[in-house]
Number of protein chains: 2
Amino acid sequence: MLYVKNTESIRCMDPFLPAKRYFQEISATSIHYLSLDCVVFGFHHNELKVLLLRWKDTEEWSLPGGFIGKRESVDAAAIRVLQERTGLEHLFLQQFHVFGAAERYDQDDTWARTKLGWDPESWSERTISLGYYALVDYTKVTPMPDLLSDECRWWAVDQLPRLLFDHNHIIEVALKTLRRQLSWQPVGYNLLPDKFTLPELQRLYETILGRPLDPRNFHKKMMGLNILERLEERRRGGAYKSPYLYRFRPEAYEQALEEGAMAFG
Amino acid sequence: MLYVKNTESIRCMDPFLPAKRYFQEISATSIHYLSLDCVVFGFHHNELKVLLLRWKDTEEWSLPGGFIGKRESVDAAAIRVLQERTGLEHLFLQQFHVFGAAERYDQDDTWARTKLGWDPESWSERTISLGYYALVDYTKVTPMPDLLSDECRWWAVDQLPRLLFDHNHIIEVALKTLRRQLSWQPVGYNLLPDKFTLPELQRLYETILGRPLDPRNFHKKMMGLNILERLEERRRGGAYKSPYLYRFRPEAYEQALEEGAMAFG
DNA sequence: CCAAAAGTGTTAGGGCTACACCCATGT
DNA sequence: ACATGGGTGTAGCCCTAACACTTTTGG
């Protein structure tokens, strides 16, 4: 993290000192009232997952997030935050909503702030949050906790714990957005590894859409779009018949998205 | 406007005083770094239009906008701003993008700020803008300038002047969003008066999509959706054959949107 | 009576849906 | 051998796109 250089020396004294110190630093260097919350989607074992952080010395989970430097572009801030959490160089990032209700943090806020050592003196009373979602290749991510958290790990979207603040709601909105954008955003391209099988791609679509698709129709449709290249290689090692591996053809993929051709009725 | 009570007494002294005073007041009562910019779409004479403001004593035009009170919900601020500009009670409002590049205002900024009497002492160096678009019934709007502008009026989207800041770009993004959302947002419902003719609705779709539609297919499709009610009444007075008037059936309309049924290939 | 716009039906083709069986592989 | 998931073709239907003439009205 950019703003606090020496964590160890701080940590020994007051369990809340890192947080207090952190927010003081942020106040000085970042934009007030505004924060980023990032919903990082990954796909693994046929499940859609999101990255969550566990706050230091608690069992409380929340979305990875951060703040925007006073002279930093908003997108750059989101990229910076996610690079720190995931270790990825490039990532697909999309702003999807501004959460700006005045009462946004009022409800469980006193509770949360006390719990997390949030000092009202050093922080503003309300926060407007810019919601970003990211699509990442699960296999390439190294989840890393930040200064305020002990743990960073994946959770299946349909088995989330109760999160701090309105973060459950933020994830819901991100999911809805993802569903709607499936036909014109490079969802498959960013969520899957370079090589993948057709059933994996189908599972991905099914998971996001929340309903089963017919494998024959799926095959026909995907192949008809000419965006997939079938490799000689097959995925070995799993039990049963080994499926072919495929790879996206980036140019054709882009074009199909332009035309909105990847819609599923 | 909320922040300055007595404009007249201020205006006589320094041509830039109202602006300076305005920004000082805003600094005290509103959230720094953040602003709202609203693209208000209306439809009239078969043209899609947007509301623009002309800054006091200049020929410079920009989008209506405003700031968010420190304890005000973001949506509420946008509604407040647009009620002041349009006189409408209810309006359909949708946030569509955050414009947050650090260099957003850097280019023509010195120029613009000097021109508009923007005092760097009393205002922060950069602004992140929340983009909202609104869909309004042109016939019900009374355009009203704000404290900093002399004039508020409609401009056809395809004949816009060069606007201040990045407002031309903001309108472009709003239009793209509108196009994409045509199939699941109540666009026709909000842009047209209660009663309208089928050709008017078709013109609206054609304008937003930027291409002509076949009248027979349009008729068939709209009628097939069961969202329109044909009235006995016809529009008289125009030359030539008088068209029937129609009205939306709100429940059916909502449902068609849910199903994304209003897409045009 | 003429000019301009409104209103309307049919047909052909493509894409979507529904549906069932054999194949390959590891245990 | 068997259990499990992978891979594939066909037929009906609906939706879409293409296409032209008649009616109404005001001038």
Side-chain angles (χ1 to χ4, degrees), chain A residues 44-47 182-184 192 195-207 209-247 255-257 259-265, chain B residues 44-47 182-184 192 195-207 209-247 255-257 259-265:
Chain A
H44 192 60
H45 285 329
N46 292 337
E47 276 188 317
L182 196 50
S183 59
W184 56 275
L192 292 176
K195 300 172 183 180
F196 52 89
T197 68
L198 256 198
E200 281 164 0
L201 184 60
Q202 186 181 333
R203 270 355 128 229
L204 173 59
Y205 272 81
E206 290 176 332
T207 308
L209 293 172
R211 71 190 150 89
L213 299 170
D214 181 283
R216 284 160 294 193
N217 295 335
F218 188 82
H219 179 268
K220 203 188 324 164
K221 166 136 190 177
M222 279 297 160
M223 287 324 204
L225 291 173
N226 265 322
I227 57 172
L228 292 178
E229 177 186 358
R230 174 154 133 183
L231 309 174
E232 287 309 310
E233 201 179 349
R234 285 154 173 259
R235 167 145 306 161
R236 323 297 310 226
Y240 324 124
K241 180 167 182 176
S242 0
Y244 288 99
L245 285 170
Y246 293 79
R247 190 192 292 153
Q255 201 192 327
L257 290 175
E259 297 162 6
M262 304 192 59
F264 280 80
Chain B
H44 192 59
H45 285 329
N46 291 337
E47 276 188 318
L182 196 50
S183 59
W184 57 274
L192 292 176
K195 300 174 182 179
F196 52 89
T197 69
L198 255 197
E200 281 164 1
L201 184 61
Q202 187 181 333
R203 269 356 127 228
L204 173 60
Y205 272 82
E206 289 176 332
T207 307
L209 293 171
R211 73 190 149 87
L213 299 170
D214 181 283
R216 285 160 292 195
N217 294 336
F218 188 82
H219 180 268
K220 204 186 327 162
K221 167 138 190 175
M222 279 298 161
M223 288 324 205
L225 291 173
N226 264 322
I227 57 173
L228 292 179
E229 178 186 356
R230 175 153 133 181
L231 309 174
E232 286 311 309
E233 202 179 348
R234 284 154 174 262
R235 168 145 309 162
R236 322 296 310 224
Y240 322 125
K241 182 168 181 176
S242 1
Y244 287 99
L245 285 170
Y246 293 79
R247 190 192 292 152
Q255 200 192 329
L257 289 175
E259 297 163 5
M262 304 192 58
F264 281 80

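Letters A, B, ... mirror the listed sequences (proteins, then strands); counts begin at 1.
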Seminar exercise, completed: By nearest-heavy-atom nucleotide on DNA chain C, the more 5' of A:D214 and A:K241 is A:D214
Exercise. So what does A:G224 hit on the nucleic acid, given a heavy-atom distance under 4.0 Å: a base, only sugar-phosphate, or nothing?
Worked result: nothing
Problem set entry | Euclidean distance, atom CZ of residue A:R234 to atom P of C:dG26 [Å, nearest integer] | 11 Å
For this session: Report yes if at least one side-chain N or O of B:R216 is closer than 4.0 Å to OP1 or OP2 of D:dT22; otherwise report no.
Result: no
For this session: Grab the NZ-C1' distance between B:K221 and D:dC15 for me, whole Å please.
Result: 8 Å
Exercise. At what distance, to the nearest 0.5 angstrom, does NE2 of A:H219 lie from CD of A:Q202?
Worked result: 10.5 Å
For this session: Please tell me which of the listed nucleotides, C:dG7, D:dT25, D:dT4, lies nearest to the side chain of A:Y240?
Result: D:dT4
Exercise. Between A:L201 (CG) and D:dG6 (C1'), how many Å, whole number?
Worked result: 15 Å
Exercise. Could you give the NZ-to-P distance, from A:K220 to D:dT8, as a whole number of Å?
Worked result: 13 Å
Exercise. Nearest-Å distance, CZ (A:R211) to P (C:dC16)?
Worked result: 12 Å
Exercise. Which part of the nucleic acid, if any, lies within contact of A:R235, taking any heavy atom under 4.0 Å across all strands shown: a base, the sugar-phosphate backbone alone, or nothing?
Worked result: nothing
Problem set entry | Minimal non-hydrogen separation, B:I227 against B:A256, with atom names | CG2-CB, 3.9 Å
Exercise. Does the side chain to side chain contact (heavy atoms under 4.5 Å, CB included) test come out yes or no for B:Y205 and B:L213, once each step is laid out?
Worked result: CA-CA 8 Å; B:Y205 272 82; B:L213 299 170; 3.8 Å; yes
Problem set entry | B:F218 CZ to D:dA18 P, straight-line distance once rounded to whole Å | 16 Å
Exercise. Looking at B:S242, does any N or O in its side chain come under 4.0 Å of the phosphate oxygens OP1/OP2 on D:dT25?
Worked result: yes
Problem set entry | Under-4.0 Å side-chain N/O to phosphate OP1/OP2 contact, A:R230 with D:dG7 | no
Problem set entry | Side-chain ion pair, B:R203 and B:E206, N-O less than 4.0 Å | yes
Exercise. Taking all atoms of both residues into account, what is the closest heavy-atom pair of A:L228 and A:Y246, and its distance?
Worked result: CB-CD2, 4.1 Å
Exercise. Roughly how many Å is it from CE in B:M262 to P in D:dC15, rounded to a whole number?
Worked result: 15 Å
Problem set entry | Nucleotide C:dC22, atom P - distance to NE2 of A:H219 in whole Å | 19 Å
Exercise. Of the nucleotides C:dA18, D:dT25, C:dA6, which has the atom closest to the A:N217 side chain?
Worked result: C:dA18
